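Presented below is the structure to which this report refers.
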Amino acid sequence: MLMKRIALLLVLCLSVITCALAQQPFFKLSGHERAANGASKVKKASSGTVELSYLDVNQQMWNDMGISVNGNWRIGVAVIFPNSMVAKYAGKKVTHISFGWNTTKFSPKADFFVRTSLDGENVASASASLVNKQADASNWEGSWNKIKLDEPYVIEEGVDLVIGYFADMKPVGAGESCIPFSSFGTASPEKCQYIMNCSVSEEEGGNQWIELINEQTGKPTSPIFASATIVDEGGTMVNLCEIMDLYCVPVQTKDQASGGIMRLVNPGTNNITSVELVYRFGEQSHTEAINFSQAITPANQSNVSLPFYALGSGKHTVEVSKVNGVANKVATPKEYETIGVPADVAANYVMKPLVEYFCAENDHNSAKYYETILLPGLEVNGERMVVVNQHMNDQFMTFDIEAGNEYDDATTLLIDFVNGDLSQVYMPVMAVNRTAYPNVLDPTLAIETNPAVWVVTPMFVDGLLYEPALTTPTFASVGVDGKLSDDKKEIAINVSGDIAAGVLPEGEKLYLTVYVMEDNVYTNSQEKPDDEDFMALFPGEDYWQQNVIRTCLTPMYGMEVGDGGAYEQSFTVEMDSDWDPTQMTVVAFLSRSKANACDKRNIINAAESKLGLPDAIAEVNAHRAAPRIYNLNGQQITRPTKGIYVVGDKKAVL
């Protein structure tokens, strides 16, 4: 089954980092369950120095994350800092290089080197034994080995900086890795980490550098604990700041501050307490001064909540122009994209977000997730949002045959959300307006661009997903209605609305998607596991699916309706004998193009209406549909707990 395969890939991705060239026999990468007794942190830089590394001081060296060998081999380890990282330090000296080591059972002698290319000549070197300085051998956690070079290396212009060593290695026991790497993040967007088996000839697969990558993502592994110590002899490596990554709200009010996150890196030797940011869009610009409540320390990085501005619609840049009131010598523009909706335009429209819930009928966690996570926020917000149930790999899934999808539509959407990386597809999961949100649970992780969000409590759903979506400005309307024919054989659907001209980025169009949906659909294949939580929610033998997509009347990513002005589309769909018209609605929504990045295919507005019925249909088909239940506030309840409810026109006590 596809979903079981996807779930397995996820487990592999999270628990064990593997290598694309794992068939090489001499080493393995491991990431096991960590011991509870703590870990060593990245070594902080001394005064007047910078530790150049892919790690920051928040990263920890665990005793079970890293590289170990499967035999007695002479190996090489190398980490590349590309010129883009070291150019700012041209003319400065590298005096030491450091590597992590995490076992007391073996301390090999290592020949350390500094190079300007992976296979180049040594420009500096040293020899020393790799040791774990942990006093208690039964409780080893890993240690830094800081090696002084025989002669300092002065960083040259226009070249990379490569550090590494060669050592005679041997196995030290299961789960006891030798060369540690961090448990979070990736090393770099560029190629940077390598290992070599020097014990055999090149013809036998040795004497060649093998890039360390994650087999599932195709990206570098988590970073090796390695750094180069750069000395600031002239005292010039101060007041430096770079933007490594950022997250910006994709649709916001023009010329007004909107929320966002930047990952700022301090490559200098002093604390950063304030910055000046300059935003640009074409000839327009805006400057903003920011004071930090907590300093960014040398050789460290931080995800900082900062304002963003939409000066128009399309690609913008932002740069850190000043640091601590002084011009930033490494200021580099960083690109971001957003749509700026003029306030007077937004005032003419009402935003109705689209909540997509991805589940599988035969996975009982889907039912629990809907009732305990999704539903509380939906009941609070009532009719202000449109909810659709994207079914994967079950009897309710839809399939766009003309698109030639390999999987059903819901699965295809999720795979697209993560740029084809199946290891990142999991369920149950949700998306709100197909918009990515930054990871609020762990600020050390990468800033997310995946619109599919896994959440653990209703608090996260309502406060961090629903509320921002409800306050997002929009510049287009959509209305939908459907009417069942008198002979009950066809549904006639009409969709209309308008798009404010001049708001979309130049050349971009909006797309219309239309669903026919049904509530209270009986599930005849719901798994009934021996799960106390599940049985407490669903004490009976039946489960009724809500917001089921019966059919999609447009391509999965919609049909083009233009970039400005009024639009109207009509559809006719045949009624299926299994559908109950008294439980049916029609949904329409406008989205941005699939040609955009996965987090820029945002929903611009959505609408839903009940199916109009002929006068002859007057009552619910009782043997198929669950009764509608309301609380005393008039809100419909799908699964009531203890309390007083209105069932039909009568009160009932549960």
Side-chain angles (χ1 to χ4, degrees), residues 27 40-55 61 66-67 69 72-83 85-86 89-134 142-156 159-170 172 177-181 187 192-199 207 209 212 223-233 237 269 299:
F27 76 96
S40 299
K41 286 193 173 183
V42 174
K43 190 175 184 65
K44 294 183 179 179
S46 304
S47 177
T49 66
V50 170
E51 292 294 333
L52 186 64
S53 176
Y54 289 108
L55 299 160
M61 188 187 306
I67 306 169
V69 294
N72 296 322
W73 307 100
R74 182 166 180 80
I75 71 166
V77 177
V79 176
I80 300 175
F81 302 112
N83 182 249
M85 289 181 65
V86 300
Y89 304 122
K92 304 297 182 182
K93 291 181 180 178
V94 178
T95 59
H96 299 71
I97 60 175
S98 303
F99 282 86
W101 187 254
N102 62 2
T103 179
T104 59
K105 298 185 178 182
F106 181 52
S107 300
K109 183 179 180 180
D111 297 319
F112 296 87
F113 62 81
V114 176
R115 297 175 176 179
T116 58
S117 63
L118 195 59
D119 290 307
E121 298 293 328
N122 293 350
V123 294
S125 60
S127 294
S129 295
L130 286 164
V131 297
N132 188 330
K133 301 180 180 65
Q134 193 73 24
S143 296
W144 275 96
N145 284 256
K146 189 168 187 176
I147 311 301
K148 184 178 180 180
L149 298 171
D150 294 337
E151 294 290 338
Y153 163 65
V154 178
I155 297 176
E156 305 169 55
V159 297
D160 298 339
L161 177 66
V162 184
I163 64 173
Y165 63 83
F166 296 98
D168 294 316
M169 300 268 290
K170 65 181 181 181
V172 293
S177 302
C178 299
I179 305 164
F181 52 67
C192 60
Q193 300 187 134
Y194 293 82
I195 195 165
M196 174 195 289
N197 178 1
C198 327
S199 300
N207 290 328
W209 292 105
L212 297 178
I224 291 175
F225 276 76
S227 70
T229 304
I230 303 173
V231 178
D232 183 18
E233 292 179 331
M237 290 167 23
T269 60

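Please read these numbers as outputs of a predicted model, since none were measured by experiment. All residue numbers refer to positions in the sequence shown, counting from 1.
Closest approach of Ala124 to Glu151, counting heavy atoms only: CB-O, 3.7 Å. Pairing each heavy atom of Ile147 with each of Ala128, the nearest pair is CD1-CB, 3.8 Å. Contact detail for His96 and Lys148: the closest heavy-atom pair is CD2-CA, 3.4 Å. Heavy atoms only, all atoms of each residue included: Asn72 and Lys170 are closest at OD1-CB, 2.8 Å. The two residues Trp101 and Val131 have their closest heavy-atom pair at CD1-C, 3.7 Å. Shortest non-hydrogen contact noted between Ala226 and Phe81 is O-CZ, 4.4 Å.
For the pair Ser125 (side chain) and Phe113 (backbone), a donor-acceptor distance under 3.5 Å is absent. In this structure a side-chain-to-backbone donor-acceptor pair under 3.5 Å is missing from Asn122 to Val114. The closest donor-acceptor contact from the side chain of Arg115 to the backbone of Val162 lies at 3.5 Å or more, if one exists at all. Put simply, the side chain of Ser199 gets close to the backbone of Arg74: a donor and an acceptor are under 3.5 Å apart. Using a distance-only test at 3.5 Å, with no hydrogens or angles considered, no donor-acceptor pair links the side chain of Ser107 to the main chain of Ser129. The backbone N or O of Asn83 lies less than 3.5 Å from a partner atom in the side chain of Asp160, making a donor-acceptor pair.
For the atom pair SG of Cys178 and CE of Met169, the computed distance is 4.0 Å after rounding to the nearest 0.5 Å. To the nearest 0.5 Å, atom CG of residue Leu118 and atom CE of residue Met196 are 7.0 Å apart. Of the inter-residue distances, the one linking Asn102 atom CG with Phe181 atom CZ reads 10.0 Å to the nearest 0.5 angstrom. Between atom OG1 of residue Thr269 and atom CD1 of residue Ile230 there is a gap of 11.5 Å, rounded to the nearest 0.5 Å. Put simply, CD1 on Ile97 and CG on Leu52 are 12.0 Å apart, with the number rounded to the nearest 0.5 Å. Rounded to the nearest 0.5 angstrom, Asp168 CG and Cys198 SG are separated by 9.0 Å.
Between Leu130 and Phe112, the closest side-chain pair of non-hydrogen atoms falls below 4.5 Å. Residues Val77 and Ile67 form no side-chain contact, since every pair of their non-hydrogen atoms from C-beta on lies 4.5 Å or further apart.
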*asked:* Pair Val94, Ile155 - check side-chain contact (heavy atoms from CB on, under 4.5 Å), show working.
replied: CA-CA 7 Å; Val94 178; Ile155 297 176; 3.8 Å; yes

*Go through the steps for Thr95 and Thr49 under the test side-chain contact (heavy atoms from CB on, under 4.5 Å), then give the verdict.*
CA-CA 10 Å; Thr95 59; Thr49 66; over 6 Å; no

*Checking side-chain contact (heavy atoms from CB on, under 4.5 Å) for the pair Lys92/Val154: CA distance, chi angles, key distance, verdict?*
CA-CA 5 Å; Lys92 304 297 182 182; Val154 178; over 6 Å; no

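Counting only N and O atoms by type, the side chains of Thr103 and Asn132 include no donor and acceptor under 3.5 Å apart.
The side-chain hydrogen bond (donor to acceptor under 3.5 Å, both in side chains) search around Glu156 returns Tyr153, not counting sequence neighbours.
Ring planes of Trp209 and Tyr194: perpendicular class, angle over 60° (limits at 30 and 60°). Below 30°, between 30° and 60°, or above 60°: for Phe99 and Tyr165 the angle between ring planes is above 60°, a perpendicular geometry.
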